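This report concerns only the one structure given below.
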Amino acid sequence: MMPDLGKYAGAVLSSYALSILLIVVLVVVSILRARKVKAELAQIEERQKRGR
């Protein structure tokens, strides 16, 4: 159940929405970056194996 926010309802709810959106964006960016770094690391390791 949602508490009565009175005249501040719009500001509070939009702040919650913006915060949730930013958290989702940060998670997505982190996942994409992790995939890129993992692929780059795999390439480096493969080059090192072939160099020996």
Side-chain angles (χ1 to χ4, degrees):
M1 189 167 145
M2 193 165 109
D4 180 26
L5 301 174
K7 65 180 181 177
Y8 301 108
V12 171
L13 294 177
S14 63
S15 295
Y16 275 123
L18 182 60
S19 297
I20 291 169
L21 176 66
L22 288 174
I23 290 170
V24 169
V25 168
L26 285 172
V27 169
V28 169
V29 168
S30 295
I31 290 170
L32 294 176
R33 177 74 178 138
R35 287 181 182 174
K36 181 180 176 186
V37 170
K38 186 175 180 182
E40 290 173 355
L41 182 59
Q43 271 185 336
I44 292 169
E45 290 175 346
E46 187 60 36
R47 274 187 274 162
Q48 285 180 345
K49 286 179 185 177
R50 282 187 275 146
R52 289 183 178 181

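Only a predicted model underlies this, so the values are computations on that prediction, with no experimental measurement involved.
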**OP:** Just jot down the side chain to side chain contact (heavy atoms under 4.5 Å, CB included) partners of Leu41, sequence neighbours excluded, or say none.
**Re:** Glu45

Subject >> Qualifying residue, where the test is side-chain contact (heavy atoms from CB on, under 4.5 Å) with Val29 and the options are Ile31, Leu32, Leu26, Val25 >> reply: Val25

**OP:** Would you please name every residue forming a side chain to side chain contact (heavy atoms under 4.5 Å, CB included) with Lys36, sequence neighbours left out?
**Re:** Arg33, Glu40

Taking only distance into account, with no hydrogens and no angle test, what donor-acceptor pairs under 3.5 Å do side-chain atoms of residues 9-19 form with protein atoms, sequence neighbours excluded?
{"unit_1": "Ser14", "atom_1": "OG", "unit_2": "Gly10", "atom_2": "O", "d": "2.9"}
{"unit_1": "Ser14", "atom_1": "OG", "unit_2": "Ala11", "atom_2": "O", "d": "3.0"}
{"unit_1": "Ser15", "atom_1": "OG", "unit_2": "Ala11", "atom_2": "O", "d": "2.8"}
{"unit_1": "Ser19", "atom_1": "OG", "unit_2": "Ser15", "atom_2": "O", "d": "2.9"}

